[in-house]
Amino acid sequence: MRRAAPVLAAGLMTAGGIAVTAQDAVAQEIPHHQGGASAALGSSRTHGEAVVREAGGERRISAGLFEMSVEGGGSLLTYGVDLHSPTQKDAKYQEADWGSTSLGANRQAGRIRWILQHSYPQVNDLGALAEKAGAKHLSEEDAAAGTQVAIWRYSDGAKVTAADPDAERLADYLQRHARGLAEPKASLALEPAALSGHPGERLGPVTIRTTADSVSVLPPADSTASGVKVVDKDGKRVTSAGNGSEVYLDVPSGAMDGTAALTVQASTKVPVGRAFTSDTRGPTQVLAGSSESTVSAAATANWAGSGAVPGLTAKERCADDGLALTASNQGDEDFSFRLMGFTYVIEAGGSQTVTVPLQEDQAYDFTITGVHGFAKRFKGVLDCRTQGDIPAGTTAQLASGPGTATVGGTQVDADLADSGSSGSTPVVAGIAVALVVLGGGALLLVRRRKADAGAGAPDADGSGS
């Protein structure tokens, strides 16, 4: 890592003359999740046994409920998705959309939510549940094991049975009767998650989406010194809000170029069926029950008196096998950035979404820098498949293909899919992106020549049109 640093610095200095390096800029880390509950995985709370039948024979595994401790207060009960992936006690998890997990590409995901809503612990009358399933008796352990087995059949397509006969009857009942339900809404989220503009403006609006009755709206950390306030459309200070409320960041005229965070927090029960993901490559968890729990969300704001004023967000998209990076620009000059061999230009007032292709279980960590000390870091792990879906011998790495560059044995694909372009501005040189590939432990910098004026976007083979 240390040997690669001079190469990184030189690349940043020559890419459009930007003098702010990844080491000099203070990068705000932007995870792939931006709202909801954060929790740590505890031990298995209630479980029985299941039998998995595979090509090499049979094996017995534990099957049942986990308990998670919510950061800020509260607890969650979850079942696992991906029976082949080992759990890690105390691993950090974050509420996520189905589209960021293997559930997003699974047509049976809605049936999993039905199972969660019609079995233990949502249904705690085990006598009535046993009667419906045709079981003689169901203990909590049997009910948890049977429910987990039914989920695995839909999440993993696994050949798995519950070891206990009554637990197996419950699993069969749930599998037969499950019906597709819609994905539950996030407990708390902000739309959009990034803002940009000029001093003297109200940046926004930011729409609050929540299942809570109300949320607390927290002022920026340095609001006393900066004078930045959270207000409504009429300019009145906001300290609490509800679902659908629109709020703004009011940046005073004459404020120095800077950044701030709009943070909201609430206490609510997280909807059953919400997914939870971990950056440790642990198995996705699906919510089976929630106490009143602390949930939070944040949106970042960036402002400057002149020049490009970017806003950046990222979200994993399993349907596209990658990370969707959205860049907007509310400045009065173009904002350009380089990403995996291509340079993208965001016109003043425009936006663009770029998909960074990744392979399954690929850890990503990169920083985009710009003028005025602007720096945003994006970090996470792509987890879009259950282990049973991954061909044997597959190595987790950045996707390779035409136009690749290799540093330290790790490949970076220069073939990107993009959409939502703000216009037909020719591609020009811009700032650089440093990618720290955690899986290979190498620091990568991919550079591309300036495109000729009037050239189109790159073709699928990276050659241009």
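All figures in this text were calculated on a predicted structure; none of them were measured in a lab.
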Under the side chain to side chain contact (heavy atoms under 4.5 Å, CB included) test, which residues partner [X], sequence neighbours left out?
X: A324; value: R317, T353
X: T207; value: R209, E246
X: H118; value: W114
X: Q122; value: V272

Are [X] and [Y] packed together at the side-chain level, in the sense that at least one heavy-atom pair is separated by less than 4.5 angstrom?
X: F337; Y: L325; value: yes
X: V206; Y: Y248; value: no
X: Y79; Y: L116; value: yes
X: V295; Y: T268; value: yes
X: R59; Y: E54; value: yes
X: S155; Y: D82; value: no
X: L262; Y: V217; value: yes
X: V81; Y: T101; value: no

Practice problem: Report the C-alpha separation of V286 and F276 in whole Å, then their side-chain angles, then the decisive distance to 0.1 Å, and conclude whether the side chain to side chain contact (heavy atoms under 4.5 Å, CB included) test is met. | Solution: CA-CA 6 Å; V286 286; F276 280 78; over 6 Å; no
I'd like to check the salt bridge (Lys or Arg N to Asp or Glu O under 4.0 Å) partners of [X]; sequence neighbours left out, ordered by chain and number.
X: E58; answer: R53
X: R179; answer: none
X: R274; answer: E95, D97, E183
X: D172; answer: R153

Self-check item: Within 6.0 Å of CZ in R107, more than 12 heavy atoms from elsewhere
Solution: no
So which atom in [X] and which in [Y] form the shortest heavy-atom distance, rounded to 0.1 Å?
X: L103; Y: A275; answer: CD1-CB, 4.3 Å
X: A299; Y: P192; answer: CB-O, 3.8 Å
X: V160; Y: A50; answer: CG2-CB, 3.9 Å
X: A145; Y: A167; answer: CB-CB, 4.5 Å
X: A375; Y: T367; answer: CB-CG2, 4.3 Å
X: G282; Y: D383; answer: O-OD2, 3.6 Å

Quiz prompt | Pairs meeting criterion side-chain hydrogen bond (donor to acceptor under 3.5 Å, both in side chains) with involvement of residues 64-78, two or more places apart | solution = T78-Q285
Taking [X] for its side chain and [Y] for its backbone only, find out whether a donor-acceptor pair lies under 3.5 Å.
X: N329; Y: V309; answer: yes
X: T294; Y: G72; answer: yes
X: S293; Y: G74; answer: no
X: Q148; Y: G80; answer: yes
X: N302; Y: P310; answer: yes
X: T210; Y: A212; answer: yes
X: D321; Y: P357; answer: no

Exercise. Dump the intermediate steps for side chain to side chain contact (heavy atoms under 4.5 Å, CB included) on Q117 and L181, then the final yes or no.
Key: CA-CA 10 Å; Q117 290 187 333; L181 298 178; 3.2 Å; yes
Quiz item: Which residue pairs satisfy the disulfide (SG to SG under 2.5 Å) criterion with at least one member in residues 307-367, sequence neighbours excluded?
Solution: C318-C384
Spacing of [X] atom [atom1] and [Y] atom [atom2] [to the nearest 0.5 Å]:
X: K379; Y: L323; atom1: NZ; atom2: CG; answer: 14.5 Å
X: D320; Y: T355; atom1: CG; atom2: OG1; answer: 5.0 Å
X: N106; Y: D156; atom1: CG; atom2: CG; answer: 9.0 Å
X: L382; Y: Q362; atom1: CG; atom2: CD; answer: 8.5 Å
X: S43; Y: D90; atom1: OG; atom2: CG; answer: 8.0 Å
X: Y93; Y: Q88; atom1: OH; atom2: CD; answer: 7.5 Å

Self-check item: Worked check of side-chain hydrogen bond (donor to acceptor under 3.5 Å, both in side chains) between S38 and Q94
Solution: CA-CA 5 Å; S38 299; Q94 173 70 37; 2.3 Å; yes
Self-check item: Test ring-ring contact (aromatic ring centres under 6.0 Å, His included) applied to Y173 - qualifying residues, sequence neighbours left out
Solution: H177
Exercise. Kindly determine whether K376 and T300 satisfy side-chain hydrogen bond (donor to acceptor under 3.5 Å, both in side chains), including the steps that lead there.
Key: CA-CA 10 Å; K376 287 291 181 70; T300 58; 3.2 Å; yes
Quiz item: Where do I208 and L190 land on the side chain to side chain contact (heavy atoms under 4.5 Å, CB included) test, with the steps shown first?
Solution: CA-CA 5 Å; I208 297 170; L190 297 178; 3.7 Å; yes
Exercise. Take W98 and R113 through the side chain to side chain contact (heavy atoms under 4.5 Å, CB included) test and state the conclusion after the steps.
Key: CA-CA 11 Å; W98 286 0; R113 187 186 180 195; 4.3 Å; yes
Quiz item: With R60, which residues qualify under side chain to side chain donor-acceptor pair (under 3.5 Å), at least two apart?
Solution: E49
Between the side chains of [X] and [Y], does any donor sit under 3.5 Å from an acceptor?
X: T211; Y: K269; result: no
X: Y364; Y: E316; result: yes
X: S119; Y: T147; result: yes

